Amino acid sequence: MKKELYINTNEFITVLERLGGKKIKVMTYLIKIMDDENKIDITQDEVVEQTGISKSIVNGAFKTLVSKGLLRKEKRKYLINSEIIKPNE
């Protein structure tokens with residue numbers, strides 16, 4: 001099921017410029033599985049299993065997304081920054 005999303009284009013492009021290649025696929029996967037509150041309840045190992053992308057690339061993608069402010073870790077879950085991406089209301 002496709003979600004309609006609001007995307008802050010400038011912020012999103014800044015993040016994309018830092019990622020590249022398979023790391024973009026990780027980000028796309030995270031956006032697809034986020035819930036209506038922008039929460040992602042998945043471990044990096046589970047992302048590796050689900051996407052077939054190597055652990056080092058998944059780990060690098062998470063680090064980049066956190067450092068650039070797209071993801072925030074909250075206990076075991078991650079949150080996608082709703083100022084950059086959020087479900088359309």
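These figures come from a predicted structure and were not determined experimentally.
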Peer 1: Please find the pair of heavy atoms, one from K22 and one from I53, that lie closest to each other, and give the distance.
Peer 2: O-CD1, 3.7 Å

Peer 1: Between V48 and K55, what is the shortest heavy-atom contact and its length?
Peer 2: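 Looks like CG2-CA, 3.5 Å.
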
Peer 1: What's the spacing between I33 CD1 and I80 CD1 if we round to 0.5 Å?
Peer 2: 8.0 Å

Peer 1: Which atoms form the tightest heavy-atom contact between G60 and K23, and what is the distance?
Peer 2: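 What the structure gives for the nearest pair is C-CE, 3.9 Å.
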
Peer 1: Taking all heavy atoms of N59 and all of Q44, pick out the closest pair and write down the distance.
Peer 2: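 The answer is ND2-OE1, 3.0 Å.
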
Peer 1: Taking C-beta and beyond as the side chain, do K73 and V66 meet within less than 4.5 Å on heavy atoms?
Peer 2: no

Peer 1: Report the distance from atom CD of E83 to atom CG of N38, rounding to the nearest 0.5 Å.
Peer 2: 11.0 Å

Peer 1: Could you walk me through whether K25 and T51 satisfy the side chain to side chain contact (heavy atoms under 4.5 Å, CB included) test, starting with their C-alpha distance in whole Å, then the side-chain angles of each, then the deciding distance to 0.1 Å, before giving a yes or no?
Peer 2: CA-CA 8 Å; K25 290 181 181 182; T51 63; over 6 Å; no

Peer 1: Which pair of non-hydrogen atoms, one from E37 and one from L79, has the smallest distance, and what is that distance?
Peer 2: O-CD2, 4.0 Å

Peer 1: Side-chain contact, heavy-atom cut-off 4.5 Å: V47 with L30?
Peer 2: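 Yes, side chains in contact.
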
Peer 1: Side-chain contact test, heavy atoms from C-beta onward, threshold under 4.5 Å: evaluate it for I40 versus L71 and give yes or no.
Peer 2: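 When only atoms from C-beta onward are counted, L71 and I40 do touch, with a gap below 4.5 Å.
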
Peer 1: Give every residue pair that meets the ring-ring contact (aromatic ring centres under 6.0 Å, His included) criterion with at least one member in residues 21-56, sequence neighbours excluded.
Peer 2: none

Peer 1: What residues, two or more places apart in sequence or in another chain, satisfy ring-ring contact (aromatic ring centres under 6.0 Å, His included) together with Y78?
Peer 2: F62

